[in-house]
Peer 1: 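Below is a structure I'd like to ask you about.
Starting from 1, each residue takes its place in the sequence as its number. The shown structure was predicted, so the numbers you read here are calculated from the model rather than taken from an experiment.
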Amino acid sequence: MKETNYFRIGFMGSSCSGKTTTAIIIANDLKLELEEEIESKLLANWIASGKIKDKRGLYPDLSREFQEQALSIREYNSEQIVRGVSDRTAADLLVYNRIYVQPYFSGDYAAKFTKRCETVMKTYSHLFMFPVGVLPLEDNGSRTMNIDYQKKIHNLLLQVLNELMLPYIFLSQEKLTVNERVEEVKKCLIK
């Protein structure tokens, strides 16, 4: 692996594609800070505090507040973490923002949110796109348990990456074991 002080890895993809498990192992193996998925923890906190009853309580105004808070955390982390791995990125957040928030607010809001996400995305030295539909969907209370929806998210992520002209590595569509996926990522980091 190339020696550098700045080394930020971002994993992207739909739910249940292996991002979190791979991120945890890569973080441990390479001694990197783990930037765990922000959105699920934030959602759990909002539910626990009674701000919302469940994920369906995120109507447009609350969804906007939720995503603004998540993006603010990602912006902070992008300034603080110089050697880390994230199991989701601002590109993932941008996709959900375009689905659940932007249709209800002005184009000016959309442009500003997109620019903020792009700024965070440019802090990654390596971006990896995980394949969709390789692993079975597992309900964690915040996921949409529909493979067609997950495929839609995957395709929208690819559109965002292309729109923002961000280089990324598309991981194998093969059904790999956790260790095989980790090795696939490590081989790409060696280059």
Peer 1: Between His154 and Phe170, is the ring centroid distance below 6.0 Å?
Peer 2: yes
Peer 1: Testing the basics here: between Arg8 and Asn77, what is the closest heavy-atom pair and its distance to 0.1 Å?
Peer 2: NH1-O, 3.7 Å
Peer 1: Could you check whether any side-chain heavy atom of Phe113 comes within less than 4.5 Å of a side-chain heavy atom of Arg64, counting everything from C-beta outward?
Peer 2: no
Peer 1: Of all the heavy-atom pairs spanning Ser78 and Thr123, show the shortest one and how long it is.
Peer 2: CB-OG1, 3.6 Å
Peer 1: Could you tell me if the side chain of Arg83 sits less than 4.5 Å from the side chain of Leu30, heavy atoms only?
Peer 2: no
Peer 1: Nearest 0.5 Å, please: how far is CZ in Phe7 from CD1 in Ile81?
Peer 2: 14.0 Å
Peer 1: State the CZ-CD1 distance between Arg56 and Ile52, to the nearest 0.5 angstrom.
Peer 2: 10.5 Å
Peer 1: Is a donor on one side and an acceptor on the other found under 3.5 Å between the side chain of Asn97 and the backbone of Leu93?
Peer 2: no
Peer 1: Taking the side chain as C-beta and beyond, is there a heavy-atom pair between Tyr149 and Ser14 under 4.5 Å?
Peer 2: no
Peer 1: Measure across Cys117 and Ala90 and return the closest heavy-atom pair with its distance rounded to 0.1 Å.
Peer 2: SG-O, 3.6 Å
Peer 1: Determine the minimum heavy-atom distance between Ala91 and Met121, stating which atoms define it.
Peer 2: N-SD, 3.2 Å
Peer 1: Regarding Glu118 and Lys122, does a basic nitrogen lie under 4.0 Å from an acidic carboxylate oxygen?
Peer 2: yes
Peer 1: Applying side chain to side chain contact (heavy atoms under 4.5 Å, CB included), run through Leu58 and Leu43 and close with a yes or a no.
Peer 2: CA-CA 9 Å; Leu58 287 173; Leu43 183 63; 3.9 Å; yes
Peer 1: I'd like to know if Glu35 and Lys41 make a salt bridge, using a cut-off of under 4.0 Å between side-chain N and carboxylate O.
Peer 2: no
Peer 1: Closest heavy-atom contact between Arg74 and Val120?
Peer 2: O-CG1, 4.1 Å
Peer 1: Relative to each other, are the rings of Tyr109 and Phe105 parallel, tilted or perpendicular (30° and 60° limits)?
Peer 2: tilted
Peer 1: So do the side chains of Met12 and Leu171 get within less than 4.5 Å of each other, counting heavy atoms only?
Peer 2: no
Peer 1: Which of these passes side chain to side chain contact (heavy atoms under 4.5 Å, CB included) with Phe128: Ile9, Val85, Thr22?
Peer 2: Ile9
Peer 1: Nearest 0.5 angstrom please: Gln80 CD to Ile73 CD1, how far?
Peer 2: 13.0 Å
Peer 1: Taking the side chain as every heavy atom from C-beta outward, state whether Leu42 and Phe66 have any pair of such atoms under 4.5 Å apart.
Peer 2: yes
Peer 1: Does the ring centre of Phe130 sit less than 6.0 Å away from the ring centre of Phe11?
Peer 2: yes
Peer 1: Apply the test side chain to side chain contact (heavy atoms under 4.5 Å, CB included) to residues Leu156 and Lys152: give CA-CA distance (whole Å), side-chain angles for both, the deciding distance (0.1 Å), then the verdict.
Peer 2: CA-CA 6 Å; Leu156 290 171; Lys152 175 182 176 181; 3.9 Å; yes
Peer 1: Is there a donor-acceptor contact under 3.5 Å from the side chain of Asn28 to the main chain of Ile25?
Peer 2: no
Peer 1: Ignoring hydrogens and angles, tell me if any N or O in the side chain of Glu183 forms a donor-acceptor pair with the backbone of Glu180 under 3.5 Å.
Peer 2: no
Peer 1: State, with a plain yes or no, whether a side-chain heavy atom of Val185 is found less than 4.5 Å away from one of His126.
Peer 2: no
Peer 1: Using 4.0 Å as the upper bound for N to carboxylate O, is an ion pair formed by Arg181 and Glu174?
Peer 2: no
Peer 1: To the closest 0.5 Å, what do you measure between CD1 (Ile153) and CG (Leu158)?
Peer 2: 11.5 Å
Peer 1: Do any N or O atoms from the side chain of Lys51 and from the backbone of Leu62 form a donor-acceptor pair under 3.5 angstrom?
Peer 2: no
Peer 1: Between Glu39 and Gln67, does a side chain to side chain contact (heavy atoms under 4.5 Å, CB included) hold up when you go through it step by step?
Peer 2: CA-CA 8 Å; Glu39 293 78 12; Gln67 292 185 12; over 6 Å; no
Peer 1: Using only atom types and a distance under 3.5 Å, with no angle test, would you say the side chain of Ser63 pairs donor to acceptor with the backbone of Tyr59?
Peer 2: no
Peer 1: Any carboxylate oxygen within less than 4.0 angstrom of a Lys/Arg side-chain nitrogen, looking at Lys112 and Asp108?
Peer 2: yes
Peer 1: Report the distance from atom CG of Leu127 to atom CG of Leu164, rounding to the nearest 0.5 Å.
Peer 2: 10.5 Å
Peer 1: Of all the heavy-atom pairs spanning Ile47 and Asp54, show the shortest one and how long it is.
Peer 2: CD1-CA, 3.8 Å
Peer 1: Quick one: does any side-chain atom of Asp87 pair with a main-chain N or O of Glu37 as donor and acceptor, under 3.5 Å?
Peer 2: yes
Peer 1: Donor-acceptor pair, Ser17 side chain versus Gly13 backbone, under 3.5 Å?
Peer 2: no
Peer 1: Could you check whether any side-chain heavy atom of Ile38 comes within less than 4.5 Å of a side-chain heavy atom of Arg88, counting everything from C-beta outward?
Peer 2: no
Peer 1: Do Ser49 side-chain atoms and Trp46 backbone N/O form a donor-acceptor pair below 3.5 Å?
Peer 2: yes
Peer 1: Applying side chain to side chain contact (heavy atoms under 4.5 Å, CB included) to Asp29 and Lys186, what does each step give before you reach the verdict?
Peer 2: CA-CA 10 Å; Asp29 287 357; Lys186 285 182 179 179; 2.8 Å; yes
Peer 1: Taking side chain as C-beta onward, heavy atoms only, is Glu68 less than 4.5 Å from Val101?
Peer 2: no
